[in-house]
Structures are given as C-alpha cells and as structure tokens.
Number of protein chains: 2
Amino acid sequence: METRITLKELAASLNLSVSTVSKSLNDSTEISPITKRRVTELATLKRYVPNNMAQNLRGKKTKTLGIIIPNIFSDFFAEALSSMEEQSDKRGYNIIISFTNDSLEKEIECINKLIHRRVDGIIISPTLTESQFGSSTHLNKLSEYNIPLVLFDRILDNVACDKVGLNESLLAEEATLDLCKLGCKKIAYFSNISNTSIGNQRISGYSDAIKKIKGKKQIINFHKIDLKISLKHLIGTNSIDSILADDGLSSILIVKSILELGYRIPEDISMLNFSNGIFSHYLSPSLTAIDSKPIEQGKIAVDILIDRIEDRLSPELLDFRLEVSLVHRESTRRLVPSI
Amino acid sequence: METRITLKELAASLNLSVSTVSKSLNDSTEISPITKRRVTELATLKRYVPNNMAQNLRGKKTKTLGIIIPNIFSDFFAEALSSMEEQSDKRGYNIIISFTNDSLEKEIECINKLIHRRVDGIIISPTLTESQFGSSTHLNKLSEYNIPLVLFDRILDNVACDKVGLNESLLAEEATLDLCKLGCKKIAYFSNISNTSIGNQRISGYSDAIKKIKGKKQIINFHKIDLKISLKHLIGTNSIDSILADDGLSSILIVKSILELGYRIPEDISMLNFSNGIFSHYLSPSLTAIDSKPIEQGKIAVDILIDRIEDRLSPELLDFRLEVSLVHRESTRRLVPSI
DNA sequence: CTGAAAGCGCTTACAG
DNA sequence: CTGAAAGCGCTTACAG
C-alpha cells in the first residue's frame with residue numbers, strides 16, 4: 001500500500017548516487033545546476049516527499065512541540081491554543097495537542113507519550129488537582145530528559161521551568177479596587193476555583209483590596225451554595241452591591257439568577273468577571289471583564305519555548321507575567337464624573 | 001544536550017547484544033526471564049525511552065493522524081476535536097492538529113505538511129471557500145499518496161473519500177416542519193453561511209418544508225442586512241412569527257435585537273437554531289436547537305479513519321450521516337395539546 | 001536462549 | 001562536481 005518513492009529509487013531512475021540526489025534536493029552548492037534540475041524535475045513528477053522520520057532520526061530534533069491543556073471549552077484556552085498553533089507554525093514547528101480534562105492521570109500519560117515521541121519541548125497548563133496538591137514529579141522529570149517545559153496560565157511554584165501567566169493576585173486586587181472606584185462598597189467574590197493555586201492567589205488579592213478599602217470580606221464558594229437562594233438572601237439583606245466572578249459560566253448563571261430574582265444589573269448589582277470570553281461580549285447585559293490576552297500569552301509561551309529549545313536564552317528561567325487590563329461593559333456602573 | 005540513552009549503550013553496559021536488549025524490552029518469548037529482568041531493570045534505572053522516530057522508520061507507520069479544522073471557537077468544533085483526541089488516544093494514535101481559520105491557502109500548506117510528516121490518515125473539515133468553489137485538488141491528491149482521508153461535517157461532493165456528517169437538507173426540513181407543528185406559520189431562515197455547500201443544503205431543505213406547508217419562503221442573508229432594522233420591519237409588518245438561525249452567534253445577535261425592540265420570545269417570535277452550543281443552554285431565553293452530536297461524530301470519524309488505515313473496511317467508501325434530534329427549550333412555543 | 005547482520009530513508013563528512 | 005560509506009536508533013529474519 002505504501003508506495004511513496006524514496007531517494008534511492010529516485011537515484012536509480014536518474015543513474016545518480018543517493019548522495020547526489022539528496023544534495024540536489026537540498027539545493028547544495030556542490031551540485032551542478034543541470035543535475036539539480038534533472039533531479040528536481042523527476043522528484044516533482046514522481047511526487048517525491050522526504051521522509052521526516054528519517055530526517056529527524058539523523059538530525060536529532062523533531063521540530064515538534066507538545067501542548068497539554070485541560071480542555072478547549074473555555075474561550076481562554078481555545079484562543080490560547082489557536083495562537084500557539086499559529087506561532088508554532090510560523091516558526092516551523094509542528095504541535096501535538098493533548099487535553100487532560102483535568103485528569104492528573106491523563107496528564108501523566110500525555111507527558112510520557114510526548115517523551116516517547118521525542119518532542120523538542122512542552123507547554124503545559126496543568127490540571128487543577130495538581131495545582132491543589134502539587135504532585136508534579138512527572139513534570140520535574142522532564143528536565144532529566146532535557147526537554148524544556150513552559151508552564152502556562154496555571155502556574156505551579158514547585159516546578160523549575162519557564163513560566164508564562166498573569167499576576168492573578170494583583171489582578172484580583174485591581175479588579176476589586178476598580179469596583180470600589182465605580183462606587184461599589186460591598187463586594188463579594190464568588191469563587192469557582194477555590195483551593196487551586198490561581199484561586200488562592202485571587203482570593204489573596206481580593207482580600208488585600210478589601211482590607212485597603214476597609215470593606216467586609218465575602219468569599220463565596222460557588223460550588224457549595226444554592227445560587228439563587230444565596231443571591232436572594234445576600235441582595236435582599238443588602239449585604240452586597242457587586243460581585244466578582246471567576247469564569248464565564250458562573251457569571252452567566254449568576255446573571256440569570258439575579259435577573260430572575262427581579263433585580264437589575266448594574267443598578268442593583270454590579271458584575272465583573274475574570275474571563276473576557278465571547279459570553280462577556282454578547283450576554284445581556286454585557287459583562288465587564290479582565291482581558292487576559294490569551295492570544296498574546298499563547299504566542300509568548302511558544303516563543304519562549306522555542307527560544308529555549310534553540311538555546312537563544314540565558315540559562316536563568318523566565319517568569320513572565322503579562323500586564324492585563326479591564327474591559328468595562330454594561331454590567332458595572334458608570335463612574336459618576338466628579339465636578 | 002540530548003543525552004537520552006540508546007539501546008546500544010544499554011547493551012554495552014549489560015554486555016549483551018543490541019538484538020537481545022531490544023527483544024527483552026519488547027518482551028519477546030525468545031529471551032530468558034533472567035536476562036529480561038536484568039535488561040528492564042537497567043532500562044528503568046537509566047530511564048531508557050525508545051526512539052519513536054527509529055521505530056516508525058522501520059515500521060512504516062507513524063500511528064499519527066492529522067486533523068484539520070477551521071477553528072475551535074464554535075462549541076461544535078471544540079467538542080468534536082476533543083472527542084477525536086480522546087478516541088485517537090484510546091486506539092493508540094497520536095494526532096497533529098491544525099487550524100485553517102477558513103483560509104484555503106493555510107489548508108493546502110497543512111495538507112502538504114501532513115504528507116511530509118507521513119501521517120497515517122487525515123480528518124478534515126474544509127474551509128468555507130473550498131466548499132463554495134470546490135477547488136479540492138490538494139485533497140484529491142492524498143489518494144495518490146495512499147493517505148486515507150475522512151471528510152468531516154463540511155462535506156464536499158467532489159472528493160472521493162469516507163465522509164461523516166449530517167443530512168443538512170433533511171435536518172433543515174425537519175426543523176422547519178417542527179416550527180410549523182408548534183404553530184408557526186411565517187418562518188424565516190436567517191442564513192449565516194449561504195453559498196457554502198452546507199448552507200445550500202439547508203436552504204434546499206427549508207424550501208422543501210415551506211413548499212409542503214404552503215408557506216412563503218423568506219431567506220435572509222445574515223451578512224447583507226442591518227439586523228435590527230430588518231427585524232423591526234419584518235416583525236412590525238407581521239411578516240414573520242419565527243426564525244431559523246444557523247449558528248449560536250447569529251442567534252445571540254438576533255435574540256438581543258428582538259428583545260431590544262421590545263418583542264418577546266417565544267410569544268412574539270419563536271427561535272430555533274442549528275447549533276446546540278453552550279449558548280443555547282444558557283442564554284435567556286434558552287434556545288431550541290438541533291443537537292448535532294459533535295462528540296459522536298468526532299468519535300465515528302476517528303473510528304472510520306483508523307479502520308480504513310488498518311484495512312478493516314471493505315473498499316467501498318462510507319458516507320455516514322448521523323441521525324440527530326431537536327432539543328426544545330424556551331425559545332419556541334409549547335405545543336398546545338389538542339383535545 | 002543469544003547475537004551478527006541487514007535495512008528502514010535520510011544526511012554528511014570524506015575521497016576522488 | 002559526483003559518489004561510496006558511515007551512521008541516526010531501532011526491529012527482525014536468520015544463524016548458531
């Protein structure tokens with residue numbers, strides 16, 4: 001079935017040696033223009049395609065990156081992945097993509113598979129479990145195989161490698177202070193990812209901000225409550241005037257509940273969330289959100305990884321934290337201009 | 001930098017031949033248990049990992065599939081891709097994923113790259129341009145390389161290969177008839193993808209249904225109108241009582257416009273759309289939609305491709321069209337039970 | 001039970 | 001300018 005033509009067959013048809021044919025195809029200066037032309041012509045005619053496997057076997061590099069992310073169901077990961085693919089392509093690298101669905105077991109399997117496939121480097125956004133319990137031996141072992149690793153978005157402290165992400169704590173603090181600036185005084189954080197490293201950083205940033213504005217800390221674990229009942233109580237007792245939410249999905253549910261309870265956004269409650277996905281644009285009301293720049297982050301992660309692979313970086317490990325900005329939309333009150 | 005241990009080094013340390021070590025590692029029955037143990041112990045200790053490149057070079061198969069899709073920003077493709085990844089993994093295949101962003105040029109590049117990489121097979125959902133103009137020489141040439149191809153979701157007639165998708169025409173017809181059954185009489189189709197093969201099939205199915213119910217055909221090209229003005233006019237003049245929309249995004253915009261115009265869904269206008277994405281679930285009102293079963297479709301595409309690769313299929317090409325169903329939600333009227 | 005040898009398809013010193 | 005030879009890391013007939 002596999003009938004693709006090889007260098008050897010090409011050489012035979014041309015009455016040339018394999019070396020000459022190979023050099024011709026690689027446009028080596030050693031070869032005469034006439035021979036080159038003969039070779040390339042036949043190669044085109046016979047649809048010769050070099051065997052990457054053989055080339056890589058000699059070259060020791062596979063020009064392939066492994067990318068491991070939890071899923072592509074959030075806009076953040078979808079856009080980040082898309083951007084990584086584009087940038088890898090631009091720099092001449094292929095990618096092998098795996099999704100863990102936040103299963104640590106699958107993540108470990110993936111890592112092993114990528115080692116087997118001899119990828120030149122790996123970008124990973126680890127599972128939440130891992131970020132909770134920090135059992136990252138499978139990541140740390142990559143250095144023993146000399147496979148560069150870039151930790152993306154979900155950054156772990158116990159892994160020594162290049163890192164690309166956000167300053168989640170600072171971000172949460174700024175978001176909280178922003179709500180305050182817009183006139184909110186009772187700001188609750190509905191956390192959807194508590195107990196993870198990112199979740200904890202956000203909580204810490206939120207807490208710092210609340211302390212600064214001398215407010216009352218109200219951290220609500222999204223998974224542990226009956227949303228509608230909680231909201232009814234919180235708003236009814238005038239305990240909150242604004243909500244900081246983790247992701248698009250929880251925002252949607254919160255908005256839906258608030259509206260169904262008969263309250264208005266932003267008049268009664270302001271909403272701000274960490275995910276600037278397509279939801280935030282198109283929901284009614286549209287949501288003020290933190291633009292975490294997945295496109296830029298993805299590109300940077302790929303660039304750092306390839307630079308590391310190609311030895312263009314100084315040995316110190318990078319810890320790149322992107323500056324991000326708030327996108328104000330309908331879900332938060334306008335700032336009343338002071339005269 | 002690359003210091004991974006090879007069979008040869010392993011053999012040297014053990015005072016064995018390369019063949020014996022190789023066989024031991026592959027658990028061959030030729031080798032004595034004692035030797036096997038010695039070998040595997042040292043291999044583990046030294047973290048030996050076989051070089052896939054070399055293995056593939058001998059075996060002629062790469063156990064790798066190429067997957068080319070336009071993007072992962074719709075829930076459909078995201079879920080389909082996720083499912084393909086899972087199924088490939090289950091069956092022992094790796095995948096290389098590329099996104100075309102609906103650029104035919106990028107698609108052609110991808111195909112060439114995958115040929116170079118000697119993938120065992122390819123699944124593709126072609127660009128819209130291609131589905132409009134049908135210039136598919138780059139797809140047809142795959143058969144010359146003996147690379148099996150599965151056309152996914154966006155199915156072209158001019159490519160001879162296995163196909164997995166929906167019966168878009170039937171689907172559109174049934175959706176239209178369903179609206180009719182729910183009491184709608186003036187059904188407009190807001191097409192977001194006219195001029196593509198899928199778009200045309202849907203239009204034809206919609207047209208058939210309209211003919212059956214003796215209604216008036218109203219096909220509106222989503223891109224060519226000012227949405228709000230059009231809707232105001234159509235609803236104001238009582239020209240439509242229901243809308244069939246292509247995808248999630250256009251549905252959102254339509255819903256938003258209708259609500260802003262002060263009309264109610266489904267009381268004034270019923271909405272049904274072809275995309276059962278997360279939007280359809282969570283929008284207020286939630287949207288009645290066609291469940292196109294991306295998970296199942298993705299799995300089937302992978303299974304067919306691998307079965308084709310492994311020669312488990314009869315030579316006739318498959319054209320698999322999945323049965324799908326409507327999911328009724330808030331955006332369409334309830335059926336009034338007849339007594 | 002073990003090993004020497006050939007070969008997968010390429011590239012690249014080296015020789016002529 | 002062309003070619004013979006070695007070698008990338010493996011597997012698998014074949015011989016012993």
Side-chain angles (χ1 to χ4, degrees), chain A residues 1-40 42-43 46-64 115-120 145-147, chain B residues 1-40 42-43 46-64 115-120 145-147:
Chain A
M1 165 131 175
E2 291 286 322
T3 54
R4 264 164 275 179
I5 195 170
T6 66
L7 266 196
K8 206 164 131 188
E9 295 165 312
L10 224 45
S13 310
L14 289 161
N15 266 321
L16 285 170
S17 74
V18 173
S19 349
T20 305
V21 175
S22 169
K23 284 174 195 159
S24 301
L25 259 15
N26 291 320
D27 207 20
S28 155
T29 49
E30 292 180 42
I31 307 296
S32 77
I34 311 138
T35 310
K36 271 190 197 169
R37 186 136 36 82
R38 282 185 63 213
V39 173
T40 46
L42 189 70
K46 297 271 190 187
R47 291 187 211 85
Y48 170 75
V49 174
N51 184 327
N52 270 193
M53 297 286 140
Q55 290 177 315
N56 290 331
L57 188 54
R58 289 221 74 213
K60 294 307 188 61
K61 287 289 178 190
T62 56
K63 286 270 181 182
T64 300
I115 295 175
H116 277 252
R117 303 221 89 208
R118 291 279 200 282
V119 292
D120 295 340
Y145 291 102
N146 279 318
I147 301 178
Chain B
M1 167 133 174
E2 292 286 321
T3 52
R4 265 165 275 180
I5 196 169
T6 67
L7 267 195
K8 207 164 127 188
E9 295 165 314
L10 224 44
S13 311
L14 289 160
N15 264 321
L16 286 170
S17 73
V18 174
S19 351
T20 305
V21 175
S22 170
K23 285 174 194 160
S24 301
L25 258 15
N26 291 320
D27 207 19
S28 156
T29 50
E30 291 180 43
I31 307 296
S32 77
I34 310 138
T35 309
K36 272 189 197 169
R37 186 136 35 83
R38 279 185 64 213
V39 173
T40 46
L42 189 68
K46 296 272 190 186
R47 289 188 211 86
Y48 169 75
V49 174
N51 184 328
N52 269 195
M53 298 284 139
Q55 289 177 316
N56 290 331
L57 187 55
R58 290 220 73 212
K60 294 305 187 63
K61 288 288 179 189
T62 55
K63 286 272 183 177
T64 301
I115 295 175
H116 276 254
R117 302 221 90 208
R118 291 279 199 284
V119 292
D120 294 340
Y145 291 103
N146 280 318
I147 300 178

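Hydrogens, waters and symmetry mates are skipped; everything else that's a heavy atom, side chains included, is used.
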[atom1] of [X] to [atom2] of [Y]: how many Å apart, nearest 0.5 Å?
{"X": "Tyr145(A)", "Y": "His116(A)", "atom1": "OH", "atom2": "NE2", "result": "7.5 Å"}
{"X": "Ser32(A)", "Y": "Arg38(A)", "atom1": "OG", "atom2": "CZ", "result": "9.0 Å"}
{"X": "Lys61(B)", "Y": "Leu57(B)", "atom1": "NZ", "atom2": "CG", "result": "14.5 Å"}
{"X": "Ile115(B)", "Y": "Arg117(B)", "atom1": "CD1", "atom2": "CZ", "result": "13.5 Å"}
{"X": "Tyr48(B)", "Y": "Thr40(B)", "atom1": "OH", "atom2": "OG1", "result": "13.0 Å"}

ask   = Base, sugar-phosphate alone, or nothing: which one does Ser22(A) contact when heavy atoms must sit under 4.0 Å apart?
value =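 Since a base atom lies under 4.0 Å of Ser22(A), the category is base.
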Reading DNA chain C from 5' onward, which residue's closest nucleotide shows up sooner: Thr20(B) or Arg58(B)?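 Mapping each residue to its closest nucleotide by heavy atoms, the 5'-most match is Thr20(B).
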By nearest heavy atom, map Thr6(A) and Lys23(A) onto DNA chain C; which one lands nearer the 5' end?
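It is Thr6(A), whose closest nucleotide lies nearer the 5' terminus.
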- Which parts of residues 24-39 of chain B get close to DNA chain D, meaning a heavy atom less than 4.0 angstrom away?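 Hits under 4.0 Å, by residue number: Asn26(B).
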Under a 4.0 Å heavy-atom cut-off, which of residues 47-57 of chain A touch DNA chain D?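 The stretch gives Leu57(A) as the residues lying under 4.0 Å from the strand, ordered by number.
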Please check: side-chain N/O of Asn51(B) versus main-chain N/O of Met53(B), any donor-acceptor pairing under 3.5 Å?
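Checking the backbone N and O of Met53(B) against the side chain of Asn51(B), a donor-acceptor pair under 3.5 Å is found.
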Worksheet entry | Asp120(B) side chain to Lys63(B) backbone, donor-acceptor under 3.5 Å |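 Yes; judged by distance alone, with no hydrogens or angles, the pair exists.
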- Looking only at side chains, do Ser19(B) and Ser22(B) share a donor and an acceptor under 3.5 Å apart?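 Ser22(B) and Ser19(B) do not have a side-chain donor-acceptor pair below 3.5 Å.
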Handout entry: Side chains of Thr62(B) and Asn56(B), donor plus acceptor under 3.5 Å
Key =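 There is no such pair between these side chains.
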With heavy atoms of chain B within less than 4.0 Å as the criterion, where does contact along DNA chain C begin and end?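 So the outermost contacting nucleotides come out as dC1(C) to dG9(C).
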Note, DNA chain D 5' to 3' with Watson-Crick or G-U pairs under 3.5 Å encoded as ( ), [ ], | and . gives |||.||||||||.|||
message: Please enumerate all residues that pass side-chain hydrogen bond (donor to acceptor under 3.5 Å, both in side chains) together with Asp27(A), with sequence neighbours excluded.
response: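 Asp27(A): side-chain hydrogen bond (donor to acceptor under 3.5 Å, both in side chains) contacts with Lys36(A).
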Test side-chain hydrogen bond (donor to acceptor under 3.5 Å, both in side chains) applied to Asn52(A) - qualifying residues, sequence neighbours left out:
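Partners of Asn52(A) by the side-chain hydrogen bond (donor to acceptor under 3.5 Å, both in side chains) criterion, ordered by chain and then number, come out as Gln55(A).
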**Message:** If the test is side-chain contact (heavy atoms from CB on, under 4.5 Å), which one of Ile31(B), Leu16(B), Leu14(B) qualifies with Ser24(B)?
**Reply:**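 Among Ile31(B), Leu16(B), Leu14(B), the one that satisfies the side-chain contact (heavy atoms from CB on, under 4.5 Å) with Ser24(B) is Ile31(B).
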Check: Would you call Thr20(B) and Val39(B) a side-chain contact if the rule is heavy atoms closer than 4.5 Å?
Finding: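 No, every pair of side-chain atoms sits at 4.5 Å or beyond.
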